[in-house]
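Here the structure is laid out as structure tokens; the discussion comes afterwards.
Note: hydrogens, waters and symmetry copies are ignored here, and every other heavy atom, side chains too, is used.
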Amino acid sequence: MRDAALGPMARLRATFEETVTLRVRTRRMVRLVAEVECSHSLRVGHRTGMVFPAHRTSGGLGMLAESDDEAVRQP
């Protein structure tokens with residue numbers, strides 16, 4: 001999945017000049033699978049492979065917002 005996503009992610013970065021991340025949600029957790037960083041000087045750092053509670057990341061919150069109530073309640 002990561003290898004297939006890197007090309008489209010690079011095109012998104014070039015179009016919008018922003019960092020692009022690929023995240024996968026498993027229940028209430030989000031894993032950062034791939035990241036293509038922008039050239040802006042303000043950076044958080046490379047977080048590929050890290051796992052966070054979905055409600056603690058902006059991308060995770062977006063995923064939770066798109067999920068039905070039952071999926072969000074799963075432990």
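Considering only residues two or more places apart in sequence or on other chains, Leu12 meets the side-chain contact (heavy atoms from CB on, under 4.5 Å) condition with Phe16, Val20. Applying the side chain to side chain donor-acceptor pair (under 3.5 Å) rule to Thr21 yields the partners Arg23; only residues at least two apart in sequence or on another chain are considered. For Ala14, the side-chain contact (heavy atoms from CB on, under 4.5 Å) test picks out no residue, with sequence neighbours left out. For Arg13, there are no side chain to side chain donor-acceptor pair (under 3.5 Å) partners, not counting sequence neighbours.
Here the closest heavy-atom approach between residue Ala4 and residue Pro8 is recorded as O-CD, 3.4 Å. In this structure, Gly60 and Val30 approach most closely via the heavy-atom pair CA-CG2, 3.7 Å. Met1 and Val24 get closest at one heavy-atom pair: CE-CG2, 3.7 Å. Heavy-atom minimum distance, Arg2 versus Ala34: CG-CB, 3.7 Å.
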Please determine whether side chain to side chain contact (heavy atoms under 4.5 Å, CB included) holds for the pair Thr26 and Arg31, giving the CA-CA distance in whole Å, both sets of side-chain angles, and the decisive distance to 0.1 Å. CA-CA 8 Å; Thr26 305; Arg31 178 180 301 272; over 6 Å; no
Apply side chain to side chain contact (heavy atoms under 4.5 Å, CB included) to the pair Met9 and Leu22, showing each step before the final yes or no. CA-CA 8 Å; Met9 291 172 67; Leu22 173 61; 4.0 Å; yes
Using the side chain to side chain contact (heavy atoms under 4.5 Å, CB included) rule, take Leu6 and Val36 through it: C-alpha gap first, then chi angles, then the decisive distance, then the call. CA-CA 8 Å; Leu6 286 175; Val36 180; 4.1 Å; yes
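Using a 4.5 Å heavy-atom cutoff, the side chains of Leu64 and Arg25 are in contact.
Summarising the geometry, atom CD belonging to Glu18 is positioned 9.5 Å from atom OG belonging to Ser39; distances are rounded to the nearest 0.5 Å.
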